[in-house]
Amino acid sequence: MIGDLLNVLHLFFVFSPILLYFMPCNVIKPYLKWYFLIVILTPLHWKFFNNECALTVFTKKMGALQNTQTDSGFSETYLKWFYKPIINLIGWKWNDDGLDKVINLHWVINIILIWYFVFYK
C-alpha cells in the first residue's frame, strides 16, 4: 500500500514539468525555486543509491519492484510504455545502459521544460 503510494508520487514527479504549463502561475510561483532545485538535484543523487532514485530504494524496501531486470526498477516497471519506443527509435538496447540513457534524456527534457517555464513564462 505505501509502496503503491510512493510509486504514484514518483510517477507524478517524473511528469510534473509538463503539468507546470497547465497550472496558474500565481499558485506555482512561491514554490517554483524549491521545485526547480529538487528537480535539478534528482539525477545527481542517483550515484549515491547505486544508480537508483531514493524513491525506488524506499519502494524496494517496502517489498515492491523486486522482479526487475535492470538497476532502474521503477522505470522498467512503470515507464516501459514510454521509454521502450524511444529506445527502439534511437537504436539502443533495453538494458541498464540503454535505460540509463533514455532516463537521462527524459531528465534533460524535464529540466529544459522547467528552465523555460522559470525564465520565459
Take His45 and Cys53 through the test side-chain contact (heavy atoms from CB on, under 4.5 Å) and record every step on the way to the result.
CA-CA 7 Å; His45 87 277; Cys53 177; 3.9 Å; yes
Run Ile103 and Trp46 through side-chain contact (heavy atoms from CB on, under 4.5 Å) and show every step you take.
CA-CA 12 Å; Ile103 291 167; Trp46 295 338; 3.5 Å; yes
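If you take CZ on Phe82 and CG on Leu11, they are separated by 10.5 Å, rounding to the nearest 0.5 Å. Atom CG of Asp71 and atom CZ of Phe49 lie 14.5 Å apart (nearest 0.5 Å). The CG atom of Leu44 sits 6.0 Å away from the CG atom of Leu41 when rounded to the nearest 0.5 Å. Between atom CE of residue Met23 and atom OH of residue Tyr31 there is a gap of 10.0 Å, rounded to the nearest 0.5 Å. Here CG of Leu6 is found 6.0 Å from CE of Met62. Values are rounded to the nearest 0.5 Å. For the atom pair CG of Leu9 and OG1 of Thr59, the computed distance is 9.5 Å after rounding to the nearest 0.5 Å.
Across all their heavy atoms, Thr70 and Asn95 have their closest contact at CG2-C, 4.1 Å. Annotation for Phe117 and Leu20: closest pair CE1-O, 3.4 Å, computed over non-hydrogen atoms.
The aromatic ring centroids of Phe13 and Trp107 lie less than 6.0 Å from each other. The six-membered or imidazole ring of His10 lies away from that of Phe15, with a centre-to-centre distance of 6.0 Å or more.
The closest side-chain heavy-atom distance from Trp92 to Tyr83 is not below 4.5 Å. Looking at Leu55 and Phe74, their side chains never come closer than 4.5 Å, going by heavy atoms from C-beta outward.
Checked against Leu99 for a side chain to side chain contact (heavy atoms under 4.5 Å, CB included), the options Glu76, Gln69, Lys80 give a single hit: Glu76.
Around atom OH of Tyr116, no more than 12 heavy atoms belonging to other residues, nucleotides or ligands sit under 6.0 Å away. Surrounding CZ of Phe58 are at most 12 heavy atoms belonging to other residues, nucleotides or ligands under 6.0 Å away.
The pair Asp97-Lys101 meets the salt-bridge criterion, with a side-chain N (NZ, NE, NH1 or NH2) lying under 4.0 Å from an Asp/Glu carboxylate O.
A single hydrophobic cluster is not seen to contain both Leu37 and Leu19; linkage of ILVMFWY side chains at heavy-atom distances under 4.5 Å, directly or through other members, places them apart.
Between Asp100 and Asn51, the side chains place a donor N or O and an acceptor N or O closer than 3.5 Å (distance only, hydrogens not considered).
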